[in-house]
Amino acid sequence: MPLQGDLLRTAEVWSLDDLLSRCIVLRVDVSRSVTSRTALIGECMIELRHLSADRLALGYAGDAFNTAAYLARSAPTMDVQFVSVTGDDPYSGMMRTHWAAYGVGDTYSRVQPGGHAGLYMIRTDDNGERTFQHYRSDSAARTLFGPGQPGSIDDAIAGHDLVYLSGITLSILTEAARERLVAVLAETRRRGGLVAYDGNYRPSGWPSPSSMAEAAARVLPHTDIALPSLEDDRLVHGDRSARDCVERLRAAGVGEIVVKLGPEGCVIADQTSSEPVPAVPNARVVDTTSAGDAFNGAYLAARLTGAAPRSAAEAGTRLAAEVIGHPGALLPPLNRALL
């Protein structure tokens, strides 16, 4: 039978001889990890970042896309697909070119005729902490999992080894679209894939914290890897500590948990044990935008390529420390020639 705690689960029943012949190691099927297929679901937006009071820099970012970009950066041979909807405006076209430069595919991202990309503006204070202004209420990405999405896209998503989403992904969907997404997550796991979820919370995206908690409650039973930030879960779920967060997620049935604690590092846990992992000491802070997204991308890349949870968390903290030393959500792409 499949080993308890395997990262890459399977619906097959294997004998001991089967296990030995496939060279399975305790948490990762290495034969699949190098070519893992991943699908990350969410919205990428136009980013306008203040350089001064009256000068702005143009970019493209969004929490799930940022994680996709950092996953692709950390595991260049992996197939990383971003699932969204863009418009047919010039900025949406430039956005897709931007995705390719970061090694992220758009095979399952539809183009909505007459649609357009959402936009956000970002300011950072002297400590590198950021504030956002979003203009996304009628962006094309809000039609994700809506009536215009062919069933073939749902089927294709469910065929991936890992499907990733966030609380912000949930915030842009209608209630009916969320239910359709939950069905895709359930089908992903039925086929042997994994689901990873970060309960990223933006108050402007929800009527109340309790509405976000209700949406999360539909996703958590279908989640294998949870990557929350304690800062968010305090607001949404009332968790007072990393231990509270771990216990709540264990009760929901999540098998692998990483609670991000900002400058204090993180706590990694499974159903029976937990341990702290410190942040990189004395990291220079310019802009904390996307630190958690970078951590998620590096962590998932490491886990899918055979690393143990602690090693994966250390990879996440290293990349997050690098990211906060640079302005903006994304480090420069490795393939700048595409831009």
Side-chain angles (χ1 to χ4, degrees), residues 40 42-74 76 80 82 84 86 90-104 106 117-136 139 141 164 166 168-169 198 200-202 204-205 227 229 231-232 260 262-263 279-280 283-301 315-339:
L40 296 91
E43 179 177 20
C44 187
M45 293 177 287
I46 301 165
E47 178 191 78
L48 295 178
R49 176 172 51 85
H50 276 272
L51 300 177
S52 64
D54 58 356
R55 293 179 63 237
L56 299 167
L58 173 67
Y60 301 94
D63 73 316
F65 172 75
N66 301 341
T67 296
Y70 286 122
L71 174 56
R73 186 187 192 94
S74 301
V80 180
F82 188 56
S84 190
T86 66
Y91 290 103
S92 289
M94 289 188 286
M95 180 185 294
R96 285 177 179 259
T97 300
H98 180 82
W99 297 356
Y102 279 92
V104 177
D106 65 353
L119 178 148
Y120 73 94
M121 303 178 73
I122 183 168
R123 290 178 180 268
T124 53
D125 63 19
D126 292 340
N127 296 317
E129 290 299 326
R130 70 273 193 235
T131 57
F132 299 91
Q133 296 290 327
H134 290 94
Y135 304 89
R136 68 196 306 185
S139 68
Y164 173 93
S166 77
I168 295 179
T169 306
D198 178 354
N200 202 350
Y201 175 60
R202 293 286 181 273
S204 62
L227 297 156
S229 295
E231 179 183 8
D232 290 334
K260 301 188 290 289
V280 173
R284 185 174 75 106
V285 180
V286 173
D287 183 347
T288 60
T289 304
S290 196
D293 306 331
F295 179 98
N296 292 351
Y299 181 88
L300 293 171
T317 60
R318 287 193 298 271
L319 183 56
E322 182 179 0
V323 168
I324 65 175
H326 294 262
L330 295 168
L331 296 173
L334 297 179
N335 192 354
R336 299 192 192 192
L338 291 177
L339 292 179

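In what follows, every heavy atom counts, from backbone to side chain, and hydrogens, waters and symmetry copies are set aside. By convention here, the first residue in the shown sequence is residue 1.
- The two residues A298 and S74 have their closest heavy-atom pair at CA-OG, 3.6 Å.
- At distances below 3.5 Å, not a single donor-acceptor pair connects side-chain atoms of Y135 with backbone N or O atoms of M121.
- The shortest heavy-atom contact between I324 and A283 is CD1-CB, 4.1 Å.
- In this structure, R49 has no salt bridge (Lys or Arg N to Asp or Glu O under 4.0 Å) partners at least two apart in sequence or on a different chain.
- Rounding to the nearest 0.5 Å gives a distance of 8.0 Å between CD of E43 and CZ of F82.
- At distances below 3.5 Å, not a single donor-acceptor pair connects side-chain atoms of S139 with backbone N or O atoms of G118.
- By the side-chain contact (heavy atoms from CB on, under 4.5 Å) test, S229 pairs with D232, K260, sequence neighbours left out.
- What you find for P263 and A279 is that their closest heavy atoms are O-CB, 3.4 Å.
- P333 and A101 get closest at one heavy-atom pair: CB-O, 3.5 Å.
- Residues A294 and V323 share a closest heavy-atom pair of CB-CG2, 3.6 Å.
- Minimum interatomic distance between M95 and I46 (heavy atoms only, all atoms of both residues): CE-N, 4.1 Å.
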Which pairs would a plain distance check flag for residues 55-63, meaning a side-chain donor or acceptor within less than 3.5 Å of a matching protein atom at least two apart in sequence or in another chain?
unit_1, atom_1, unit_2, atom_2, d
D63, OD2, S166, OG, 2.6
D63, OD2, N200, ND2, 3.3

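- The 12-atom threshold is not exceeded at OH of Y91, counting heavy atoms of other residues, nucleotides or ligands nearer than 6.0 Å.
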Problem set entry | Chi angles and distances behind the side-chain contact (heavy atoms from CB on, under 4.5 Å) call for L71, Y164 | CA-CA 11 Å; L71 174 56; Y164 173 93; over 6 Å; no
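- The CG atom of L227 sits 7.0 Å away from the CZ atom of F295 when rounded to the nearest 0.5 Å.
- Between H98 atom NE2 and E47 atom CD the span is 8.0 Å, to the nearest 0.5 Å.
- The side-chain contact (heavy atoms from CB on, under 4.5 Å) test with N296 is passed by exactly one of D198, L319, L40: D198.
- Ring geometry for Y102 against F65 counts as perpendicular: the plane angle is over 60°, on a 0 to 90° scale with 30° as the lower cut.
- The backbone N or O of G297 sits nowhere less than 3.5 Å from a side-chain atom of T67 that would complete a donor-acceptor pair.
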